[in-house]
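Worth knowing before you read on, the calculation uses all heavy atoms, side chains too, and leaves out hydrogens, waters and symmetry mates. As the structure is a computational prediction, the values presented were derived from the model and not from experiment.
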There are 2 protein chains.
Amino acid sequence: MSNTNLKQLAAALGLSISSVSKALRDSYEISAETKKRVVEMATRMNYQPNPFASSLRRKKSATIGVVIPEIANNFFALAIDGIQMVAEQKGYHVLTYLTHENNTNEVSTVRHLLGGRVDGVLMSLCRDTQSVDHLSSLQESGIPLVFFDRVPEQMSCPTVTTDDYESGFRATEHLIQSGCKRIACLSLSHYLSISNKRMNGYMDALKKHGLPVENELIIQCTNDNEYNLSLIKTLLKGRKRPDGIFSTVEKLAISVYYVTQEMGLEIPKQLKIISFSNLRTASLLNPSLSTITQPAFEIGLEAAALLFRMIEKKTFGNRIDKLELKSALIERKSSERINKN
Amino acid sequence: MSNTNLKQLAAALGLSISSVSKALRDSYEISAETKKRVVEMATRMNYQPNPFASSLRRKKSATIGVVIPEIANNFFALAIDGIQMVAEQKGYHVLTYLTHENNTNEVSTVRHLLGGRVDGVLMSLCRDTQSVDHLSSLQESGIPLVFFDRVPEQMSCPTVTTDDYESGFRATEHLIQSGCKRIACLSLSHYLSISNKRMNGYMDALKKHGLPVENELIIQCTNDNEYNLSLIKTLLKGRKRPDGIFSTVEKLAISVYYVTQEMGLEIPKQLKIISFSNLRTASLLNPSLSTITQPAFEIGLEAAALLFRMIEKKTFGNRIDKLELKSALIERKSSERINKN
DNA sequence: TAAATTAACGAAAACGCTGCCGGATCTAAT
DNA sequence: ATTAGATCCGGCAGCGTTTTCGTTAATTTA
């Protein structure tokens, strides 16, 4: 509640409201001298413009919305960091919404956003989003919308992603070259294109090297951590235990570590693993974890930059940008070849 | 840009604007039948109320601001998670601001917040904040303000913190009981009360057990990761190397791991370490890291709950809540006693 | 010198919504 | 029958800005 408004400022200066407004917005209609007086008085009276009045009038909120599944996640935290950096530089505010991987939340969040609270939206889908109706309606409402990482396949929209197929392929091939014959894939969701792309890379790598694709080795994980742990346990306790794991998401790799620790399974001797991950401590784990590391910060940065180009109408009418960044495969102990001797 | 507004709705219904508004807000002045008609038409015409007009009129934004040093940090990510949960339940939106541990950013963020964009502010100070003038002015402006974790000592304000002194004491005592004789303390900032409280706990534990407090063992770290690494290196390479480290913050403990890995120092044999941390992978590190783990999610939850109590009951003038939650000390390998034999 | 231009400012109308009134109709109480 | 009280709805005045359009005085041009 900033108490002083334009009216009071104008009264104190003996000017009209409109003149003060113009002076503060540096209009050519106001003399330099008056501008100086106004600015001085404004700081002296600690004037802060009312953002709602301004937004109402100008139909601009100077705010963007960010919709993500979760925040306690290294990837999304880094992405938000990148987004915030761009937003701050542009003088924009950032509203954050968490869907908690729940489509119902995603839909209701989008409905809120339709109210015009934000000038643009950055979004990463939640794992159980199938229908894109809510996304289409948001897009059709005219508000700039950019997806990052978890993007919808069914609609035409600007996106910033990584080379998921190639990464899945390379990761799997790396496991094969380290001697794995039975490689399991831990999938986040069969609805998400990134998950499927990574899995396709996995399958194609298997095929290329003459290994069979076995459905029982492709584990569709859920949002219930306990249940995922039990899935992993049964996988690793089965008679035909895999000798390699390709995890499409960090959280599942950590679960694998917990399970192997509990079971006394030795990584990489009895089981090798590589995972998508942005863990800062990947190299400090026991054993250090081989990762495909996405440029999370840059993804946020680029997605935000793209969004602002759309907001500022610098991008032409019906042009749709699709940016793909490269992930890095970092080999560590967890997928190291064991010399049998 | 929601295109339909109350005026159009009213026209389509043959009602007045105010009646439609009241119907949508479920006023007792409107008949049940009319309400039903209005709601139906509203959904049919895809009406979304303009949040700015509403905020301008009601002088409520249904938004809270969260100001934190960084987001790519397990503690703050978890705290935000808790905050968001409460905010969502209350129907509030969350604006996030990052200061990047830079006081200048903090000051300018607070200035923005003074504009009345939010109904309340949750805040955790940045490491180099000394003067609290900007915070006082925010508080004096009448907007509810709650600090969590990193709180200002010089001003009277509601806070949610943890038992930092006791945690520092217990952590240090634990190292002593594990056989450490020379324990270093890695401090985040000599401006922050939490850092100082943790350090005071450390010093008192030393005194209690008859160990000297040596200034050269108290390392004031900076915001420059590279420089911190070099500080840690010189500490560990000195002739009188410490045999224990109490790290007041997760990031510095990770740096210690990197340095010991590079130097070939063995934890816990040659060096023991315990650190404040919310790492999910603490038990998977090599060796597993002993931690003081703050209830970060609960901190966010409680801070938000406290804030909403203030927002909703403005009448409760001069009461100042100070909530202290307990951290958990979790002993793991990194601080394990070595049996000399 | 008259006309045209420019500079500097003010008046007023929105932006979309809420909330205080006041008014009309209808039922219930005296 | 008259009054009192519900019930249901509309009018209107803002909330604080921005922006268009006037208006006046000063300056320039023909």
Side-chain angles (χ1 to χ4, degrees), chain A residues 1-39 41-42 45-63 91 112 114-119 141-142, chain B residues 1-39 41-42 45-63 91 112 114-119 141-142:
Chain A
M1 250 158 266
S2 163
N3 276 328
T4 84
N5 55 19
L6 277 187
K7 196 174 172 183
Q8 295 167 23
L9 245 187
L13 285 158
L15 286 170
S16 76
I17 295 178
S18 61
S19 295
V20 176
S21 172
K22 285 180 215 168
L24 290 172
R25 317 201 91 246
D26 202 28
S27 162
Y28 69 96
E29 292 184 78
I30 305 296
S31 72
E33 190 192 12
T34 307
K35 279 181 191 167
K36 204 179 132 195
R37 274 182 62 219
V38 171
V39 170
M41 183 62 84
M45 293 181 67
N46 204 20
Y47 169 74
Q48 292 296 133
N50 183 310
F52 306 116
S54 180
S55 291
L56 176 61
R57 185 55 227 253
R58 309 178 65 191
K59 296 184 176 301
K60 291 253 172 79
S61 64
T63 306
H112 274 125
L114 275 171
R117 191 177 289 271
V118 296
D119 297 342
S141 80
Chain B
M1 252 157 266
S2 161
N3 277 328
T4 85
N5 54 21
L6 277 187
K7 196 173 173 183
Q8 295 167 22
L9 246 186
L13 284 158
L15 286 171
S16 75
I17 294 178
S18 64
S19 295
V20 177
S21 171
K22 283 180 226 170
L24 291 173
R25 317 196 92 246
D26 201 28
S27 162
Y28 68 97
E29 291 184 75
I30 305 295
S31 71
E33 190 191 13
T34 307
K35 278 180 191 167
K36 205 179 134 197
R37 274 184 62 219
V38 171
V39 171
M41 182 62 84
M45 293 181 68
N46 203 20
Y47 170 75
Q48 292 296 134
N50 183 310
F52 305 116
S54 179
S55 291
L56 176 60
R57 182 58 225 258
R58 308 178 66 193
K59 296 186 176 300
K60 291 255 169 78
S61 63
T63 306
H112 274 124
L114 273 172
R117 191 178 290 270
V118 296
D119 297 342
S141 80

Problem set entry | Nearest-nucleotide 5' precedence on DNA chain C, A/S18 against A/A32 | A/A32
Problem set entry | d(CG, A/L114; P, C/dG16) in whole Å | 16 Å
Exercise. In whole angstroms, how far is the P atom of D/dT19 from the CG atom of A/L24?
Worked result: 13 Å
Exercise. Under 4.5 Å between any side-chain heavy atoms of A/V20 and A/M41, yes or no?
Worked result: no
For this session: For residues A/R37 and A/L13, determine if any side-chain heavy atom of one lies less than 4.5 Å from a side-chain heavy atom of the other.
Result: yes
Exercise. Does B/N5 reach the side chain of B/Q8, with side-chain heavy atoms less than 4.5 Å apart?
Worked result: yes
For this session: Mark yes or no for whether A/D119, through its side chain, and A/S61, through its backbone, hold a donor-acceptor pair below 3.5 Å.
Result: yes
Exercise. Any side-chain N or O of A/K7 less than 4.0 Å from the OP1 or OP2 oxygen of D/dT17?
Worked result: no
Problem set entry | Closest listed nucleotide, where the reference is the side chain of B/N5 and the choices are C/dC9, C/dG16, D/dC15 | C/dG16
For this session: Taking only the side-chain nitrogens and oxygens of B/S31, find out if one of them lies under 4.0 Å from OP1 or OP2 of D/dC9.
Result: yes
Problem set entry | Value in whole Å for how far the P atom of C/dA14 lies from CG of B/N50 | 17 Å
Exercise. Does D/dT17 have OP1 or OP2 sitting under 4.0 Å from an N or O in the side chain of A/Y47?
Worked result: yes
Problem set entry | A/R117 CZ - C/dC17 P separation (whole Å) | 13 Å
Problem set entry | B/I17: partners by side chain to side chain contact (heavy atoms under 4.5 Å, CB included), with sequence neighbours left out | B/L6, B/K7, B/A10
Exercise. With sequence neighbours excluded, what pairs up with A/K22 under the side chain to side chain contact (heavy atoms under 4.5 Å, CB included) test?
Worked result: A/S18, A/S27, A/E29, A/I30
For this session: Answer yes or no: does a side-chain N or O of B/K59 lie under 4.0 Å from OP1 or OP2 of D/dG16?
Result: yes
For this session: Could you check how far CZ of A/R58 sits from P of C/dA13, rounded to whole Å?
Result: 22 Å
Exercise. Any side-chain N or O of B/R25 less than 4.0 Å from the OP1 or OP2 oxygen of C/dG19?
Worked result: yes
For this session: Specify the closest pair of heavy atoms between A/P51 and B/G116, including all atoms of both residues, with the distance to one decimal.
Result: CG-C, 4.4 Å
For this session: Would you mind reading off the distance between B/I30 atom CD1 and C/dG19 atom C1', rounded to a whole angstrom?
Result: 12 Å
For this session: Please list residues of residues 8-16 of chain A whose heavy atoms come under 4.0 Å from any atom in DNA chain D, ordered by number; otherwise none.
Result: none
Exercise. Tell me: CG of A/L6 to P of C/dA14, nearest whole Å?
Worked result: 20 Å
For this session: For A/A42, enumerate each residue passing the side chain to side chain contact (heavy atoms under 4.5 Å, CB included) test, keeping only those at least two apart in sequence or located in another chain.
Result: A/L9, A/L24, A/Y47
Problem set entry | Length of the CD1-P vector between B/I17 and C/dG19, whole Å | 15 Å
Exercise. Nearest to the side chain of A/S19, which nucleotide is it out of C/dC17, D/dT17, C/dC9?
Worked result: C/dC9
Problem set entry | Under 4.0 Å protein heavy-atom contacts per nucleotide of nucleotides 22-27 of chain C, with B for base, S for backbone only and - for none | ------
For this session: Name all residues meeting the side chain to side chain donor-acceptor pair (under 3.5 Å) criterion together with A/S54; count only those two or more places apart in sequence or in a different chain, and write none if there are none.
Result: none
Problem set entry | Residue closer to the 5' end of DNA chain D, B/L56 versus B/Y28 (nearest nucleotide) | B/Y28
For this session: For B/S55, report the nucleic acid contact type (base, sugar-phosphate, nothing); a contact means any heavy atom under 4.0 Å.
Result: nothing
Exercise. Say you draw a straight line from NZ of A/K59 to CG of A/L56; how long is it, rounded to the nearest 0.5 Å?
Worked result: 7.0 Å
